[in-house]
Amino acid sequence: PRGTGHMRRMPEATMLRLAAVAAACVAVASGAEDKAFTCPSLPPAMVEVDSPWYAKKPVVDGAVRFVNGDILKHEGKSVDVTSPIFDGSTGVRALVGKLAQFTEDQSVAAVKAAATAWDRGQGEWPQMSLAQRIEAVENLVAELKKIRGELVNVLMWEICKTSSDAAKEFDRTMDFVAAAIEEIRADPTIKQGYSSWTEVSGVKVQVRRGPIGVMLGLAPFNYPLNEMYAMLIPAL
């Protein structure tokens with residue numbers, strides 16, 4: 001305790017562990033051992049060619065650009081997307097697809113296309129009614145559910161998730177979208193009030209939620225589908 005001039009004694013087990021680590025470090029540094037210490041590790045997860053799972057290995061062609069509502073073939077540089085799972089036929093990480101690498105000009109063109117579609121709030125999407133935007137999102141969800149199995153399989157291979165965890169991410173994402181739609185449909189102001197014309201201090205007031213501009217969404221590696229849609233759907 002402070003001010004007593006005494007030091008609390010370190011537990012003996014902790015002292016022994018620290019001493020063992022220190023001794024190992026000294027041994028490696030001084031070359032006392034014939035071989036340097038290496039951290040023990042397990043071999044990587046690997047799928048052999050004769051495994052039924054190998055036939056399910058996806059190959060996603062991401063060498064495209066989705067700009068201004070059009071899917072354009074990307075003729076420039078692309079990178080391989082590999083899985084943490086190793087391919088038994090090659091002994092290296094399994095190839096599961098390709099991803100386009102935009103040039104600076106292509107990136108700027110994509111941003112400008114989004115700004116044009118936004119058109120300072122006068123574009124087609126921002127001028128749609130809430131009911132129209134909800135209908136479009138629900139149509140999207142219906143199409144995604146048709147390819148649930150494909151998306152779950154890609155999540156398994158690209159991130160090395162279990163089948164149950166990958167399925168859970170997809171289902172939880174669809175549940176989130178449904179909950180968001182239910183919330184905004186019940187109260188378009190999201191509990192801000194004044195959803196209809198209301199007189200406040202002699203002034204008539206109405207609150208309406210509207211689009212505010214172009215957004216950039218960046219999903220993490222471990223929950224790409226869920227985290228992206230958690231940003232994207234409320235913005236739409």
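- Both L130 and V141 are assigned to one and the same hydrophobic cluster, defined by single-linkage of ILVMFWY side chains at heavy-atom distances under 4.5 Å.
- Here the side chains of I134 and I184 are in contact, with some heavy-atom distance below 4.5 Å.
- Taking all atoms of both residues into account, the shortest heavy-atom contact from Q127 to G121 is NE2-O, 2.8 Å.
- Contact detail for N153 and K56: the closest heavy-atom pair is ND2-O, 2.6 Å.
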**OP:** Verify salt bridge (charged side-chain N to carboxylate O under 4.0 Å, His left out) between R185 and E182, making sure each step is shown before the conclusion.
**Re:** CA-CA 5 Å; R185 187 177 266 153; E182 181 181 1; over 6 Å; no

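- With sequence neighbours left out, the side chain to side chain donor-acceptor pair (under 3.5 Å) criterion links R93 to T82.
- D61 is listed as a side-chain neighbour of K73, based on a closest heavy-atom distance under 4.5 Å.
- The two residues F170 and L144 have their closest heavy-atom pair at CZ-O, 3.6 Å.
- Within 6.0 Å of CD in E124 there are 12 or fewer heavy atoms belonging to other residues, nucleotides or ligands.
- Separation of atoms OG (S196) and NZ (K204) is listed at 10.5 Å; rounding is to 0.5 Å.
- Here the closest heavy-atom approach between residue M46 and residue G91 is recorded as CE-CA, 4.5 Å.
- A distance-only check finds a donor-acceptor pair linking the side chain of N139 to the backbone of E135 [under 3.5 Å].
- Using a distance-only test at 3.5 Å, with no hydrogens or angles considered, no donor-acceptor pair links the side chain of Q206 to the main chain of T198.
- By the criterion of side-chain heavy atoms lying less than 4.5 angstrom apart, applied directly or through intervening Ile, Leu, Val, Met, Phe, Trp or Tyr residues, V49 is grouped together with V96 in one hydrophobic cluster.
- Other residues, nucleotides and ligands contribute at most 12 non-hydrogen atoms within 6.0 Å of the NZ atom of K168.
- Within the model, atoms CE of M174 and CD of E169 stand 9.5 Å from one another, a figure rounded to the nearest 0.5 Å.
- Considering only heavy atoms from C-beta on, L236 stays 4.5 Å or farther from R133 through its side chain.
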Under 3.5 Å, side-chain donor or acceptor atoms of residues 212-233 against the rest of the protein: list the pairs with distances, not counting sequence neighbours.
{"from": "N226", "atom 1": "ND2", "to": "T173", "atom 2": "OG1", "distance (Å)": "3.2"}

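- In this structure, I147 is a member of the same hydrophobic cluster as W157, with clusters built from ILVMFWY side-chain heavy atoms closer than 4.5 Å.
- With sequence neighbours excluded, the residues that form a side chain to side chain contact (heavy atoms under 4.5 Å, CB included) with S78 are A63, K98.
- Salt-bridge check for D70 with R65: failed, with every basic side-chain N at 4.0 Å or more from each acidic carboxylate O.
- A single hydrophobic cluster is not seen to contain both L155 and F86; linkage of ILVMFWY side chains at heavy-atom distances under 4.5 Å, directly or through other members, places them apart.
- Within a 6.0 Å sphere centred on CH2 of W53, other residues, nucleotides and ligands contribute 12 heavy atoms or fewer.
- Residues V154 and L151 form no side-chain contact, since every pair of their non-hydrogen atoms from C-beta on lies 4.5 Å or further apart.
- If you chain together hydrophobic residues whose side chains sit under 4.5 Å apart, Y54 and M156 fall into the same group.
- Salt bridge E143/K146: present, at least one basic N to carboxylate O contact under 4.0 Å.
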Original post:
Under the side chain to side chain donor-acceptor pair (under 3.5 Å) criterion, do T103 and D105 qualify, and how do the steps go?
Top reply: CA-CA 5 Å; T103 64; D105 289 343; 5.3 Å; no

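- Using a 4.5 Å cut-off on side-chain heavy atoms (C-beta onward), I181 and V137 make contact.
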